[in-house]
Amino acid sequence: ADDFVEVPGGSNVNNYANVQLIVDLCISQNVDALMVGWGHASENPKLGDLIKQKNEELGRDITLIGPKPSVMRILGDKINSILVAQDAGVSCMPWNGDGLKADLNEEKQIPQANVDAACITSADEAVGYAEKIGYPVMLKASEGGGGKGIRMAEDEAALRAAWPQVVNEVPGSPIFLVTLCTGARHIEVQVVGDGKNAIALGGRDCTTQRRYQKIFEEGPPIIVPSDKFTDMMAAAVSLCKTLGYESAGTVEYMYIMETGDYYFLELNPRLQVEHPVTEGITGVSLPTTQIHVAMGIPLYNVPEVRAFYDKDF
């Protein structure tokens with residue numbers, strides 16, 4: 001680095017996840033753009049909100065290299081993201097919100113009534129949906145993660161016991177119910193969007209995990225037949241176009257080996273730490289492409305993307 005700025009020590013709430021500190025440093029250091037990478041504040045929509053606020057207040061033009069805050073908010077909520085995926089025609093696991101619409105408006109927001117219709121508010125309601133979906137099921141808090149706010153239930157008794165656990169682990173979070181996928185592989189599709197167009201740059205197999213954390217990534221994900229993976233990539237691109245997605249992201253699926261079915265899990269609105277696996281396969285630098293997109297350069301004009309598609313420079 002040509003320059004560096006020391007930040008407070010301690011846990012990341014004091015430094016790399018402290019969005020107010022990050023924005024204050026952007027102002028004091030007179031930066032042109034902010035790239036948050038992966039982890040820490042990379043999926044916090046408040047960072048983009050603060051950047052926009054300061055730009056308006058101070059007449060600045062700091063560019064946030066990454067997805068828009070409105071898109072981050074949708075994708076940071078599991079219920080919202082599944083509703084959008086359903087609208088985009090992406091295969092989703094059977095859940096209590098089957099058939100519901102997202103109905104995104106121009107600001108990429110889902111009407112609250114649509115979200116409420118996809119939420120479960122009581123144990124009795126959960127049991128009713130489980131009987132419709134079929135056991136075993138997973139009871140999930142929409143704002144949960146890392147093993148919190150998620151319980152498997154093989155019957156009604158287990159589901160009723162799981163309800164207060166999920167509610168208490170992630171207080172205030174909306175709750176939903178989804179079928180349990182067994183014998184599944186965890187497959188990722190690397191995507192990049194420029195707001196109008198989107199592309200898939202292959203994918204990765206991140207099935208091998210311990211304590212809800214990935215141990216290693218394999219690419220390309222050869223466990224999935226090529227025609228099936230082509231469908232997965234096309235669905236991922238469709239989802240990105242529906243959202244007007246900008247920058248790099250990862251669409252994650254559950255792939256059922258026995259049946260060949262695949263189901264949407266989530267779209268991570270950031271660059272993932274395992275992105276070099278994709279770079280080694282495609283020859284496309286993802287951070288560089290993110291910067292190109294933030295500069296307003298369409299994907300079809302990015303040299304490495306053109307080379308990946310075997311187009312003349």
Side-chain angles (χ1 to χ4, degrees), residues 70-71 73-144 149-156 159-160 162-163 166-167 170 173-182 184 186-187 189 191 198 228 231-245 249 251-256 258-269:
S70 58
V71 172
R73 284 192 171 86
I74 288 176
L75 298 176
D77 183 285
K78 295 179 178 65
I79 290 175
N80 286 356
S81 63
I82 297 174
L83 287 173
V84 173
Q86 283 187 166
D87 264 10
V90 182
S91 175
C92 297
M93 287 177 268
W95 69 304
N96 63 280
D98 283 344
L100 296 178
K101 292 289 187 179
D103 294 331
L104 284 174
N105 60 25
E106 292 183 359
E107 286 74 36
K108 302 302 180 185
Q109 295 177 333
I110 301 175
Q112 189 58 47
N114 296 37
V115 178
D116 292 342
C119 296
I120 297 175
T121 58
S122 69
D124 289 339
E125 197 175 348
V127 170
Y129 281 116
E131 291 174 352
K132 185 183 299 183
I133 296 170
Y135 292 97
V137 295
M138 298 292 284
L139 187 66
K140 291 186 174 185
S142 187
E143 297 170 4
I150 181 170
R151 289 291 187 280
M152 182 189 76
E154 295 183 339
D155 52 37
E156 180 179 341
L159 183 54
R160 289 188 180 278
W163 176 262
V166 171
V167 169
V170 191
S173 171
I175 295 174
F176 67 105
L177 193 76
V178 65
T179 190
L180 173 69
C181 285
T182 57
H186 193 165
I187 306 297
V189 173
V191 291
K228 183 68 66 173
D231 290 343
M232 295 167 80
M233 289 191 291
V237 168
S238 175
L239 175 57
C240 290
K241 288 182 176 179
T242 297
L243 289 165
Y245 192 85
V251 177
E252 302 194 4
Y253 294 105
M254 292 280 98
Y255 172 67
I256 314 300
E258 287 187 2
T259 63
D261 295 326
Y262 65 89
Y263 301 112
F264 172 77
L265 190 61
E266 63 180 335
L267 196 172
N268 286 316

For Y263 and V178: C-alpha separation, side-chain torsions, deciding distance, then whether side chain to side chain contact (heavy atoms under 4.5 Å, CB included) applies. CA-CA 11 Å; Y263 301 112; V178 65; over 6 Å; no
Using the side chain to side chain contact (heavy atoms under 4.5 Å, CB included) rule, take Y245 and L239 through it: C-alpha gap first, then chi angles, then the decisive distance, then the call. CA-CA 8 Å; Y245 192 85; L239 175 57; over 6 Å; no
Should L267 and L243 be marked as a side chain to side chain contact (heavy atoms under 4.5 Å, CB included) after you check the CA-CA gap, both sets of side-chain angles, and the distance that decides it? CA-CA 11 Å; L267 196 172; L243 289 165; 4.3 Å; yes
Verdict with reasoning, E154 to L180, per side chain to side chain contact (heavy atoms under 4.5 Å, CB included): CA-CA 9 Å; E154 295 183 339; L180 173 69; over 6 Å; no
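Rounding to the nearest 0.5 angstrom, the gap separating the CZ atom in R160 from the CG atom in D155 is 11.0 Å. Here the CZ-OG distance, from F264 to S91, works out to 11.0 Å after rounding to the nearest 0.5 Å.
Remark: A130 pairs with Y135, V137, L159, L177 by the side chain to side chain contact (heavy atoms under 4.5 Å, CB included) rule, at least two apart or across chains. Applying the salt bridge (Lys or Arg N to Asp or Glu O under 4.0 Å) rule to E143 yields no partners; only residues at least two apart in sequence or on another chain are considered. Contacts of A141 classified as side chain to side chain contact (heavy atoms under 4.5 Å, CB included), with partners at least two apart in sequence or in another chain: V166, V170, S173. Applying the side chain to side chain contact (heavy atoms under 4.5 Å, CB included) test to D116 and every residue at least two apart in sequence or in another chain returns Q112. Among residues two or more places apart in sequence or in another chain, the side chain to side chain contact (heavy atoms under 4.5 Å, CB included) test is passed with E106 by none. Listed by chain and residue number, nothing satisfies the salt bridge (Lys or Arg N to Asp or Glu O under 4.0 Å) test with E131 (two or more places apart in sequence, or in another chain).
Counting only heavy atoms from C-beta outward, the side chains of Q109 and I74 never approach each other to under 4.5 Å. Side-chain contact between V90 and V251: absent, with no pair of heavy atoms (C-beta onward) separated by less than 4.5 Å. For the pair R151/M138, no side-chain contact is recorded, criterion being any heavy-atom separation below 4.5 Å from C-beta on. Contact check for I110 versus L104: side-chain heavy atoms found under the 4.5 Å cut-off. In this structure, the side chains of I175 and W163 come closer than 4.5 Å at one or more pairs of heavy atoms. Using a 4.5 Å cut-off on side-chain heavy atoms (C-beta onward), Q86 and W95 make contact.
Nearest heavy atoms, L139 versus A126: CD1-CB, 4.5 Å. Of all non-hydrogen atoms in I79 and P174, the two that sit nearest each other are CD1-CB, 3.8 Å. Considering every non-hydrogen atom in both G260 and Y255, the closest pair reads O-CE1, 3.7 Å. A pairwise comparison of heavy atoms in M254 and C181 identifies CB-SG, 4.3 Å as the closest pair.
In terms of modelled atom types and a separation under 3.5 Å, the side chain of S142 and the main chain of D77 share no donor-acceptor contact. At least one donor-acceptor pair closer than 3.5 Å links the side chain of T242 to the backbone N or O of S238. Under a 3.5 Å cut-off, the side chain of N80 and the backbone N or O of V115 do not form any donor-acceptor pair. Not one N or O on the side chain of N96 forms a donor-acceptor pair closer than 3.5 Å with the backbone of Y129. A donor-acceptor pair under 3.5 Å is absent between the side-chain atoms of T179 and the main chain of M93, judged by distance alone. Counting only distance, with no hydrogens or angles, the side chain of K228 and the backbone of D261 share no donor-acceptor pair below 3.5 Å. In this structure, S81 contributes its side chain and E266 its backbone to no donor-acceptor pair below 3.5 Å. Counting only distance, with no hydrogens or angles, the side chain of Y253 and the backbone of A236 share a donor-acceptor pair below 3.5 Å.
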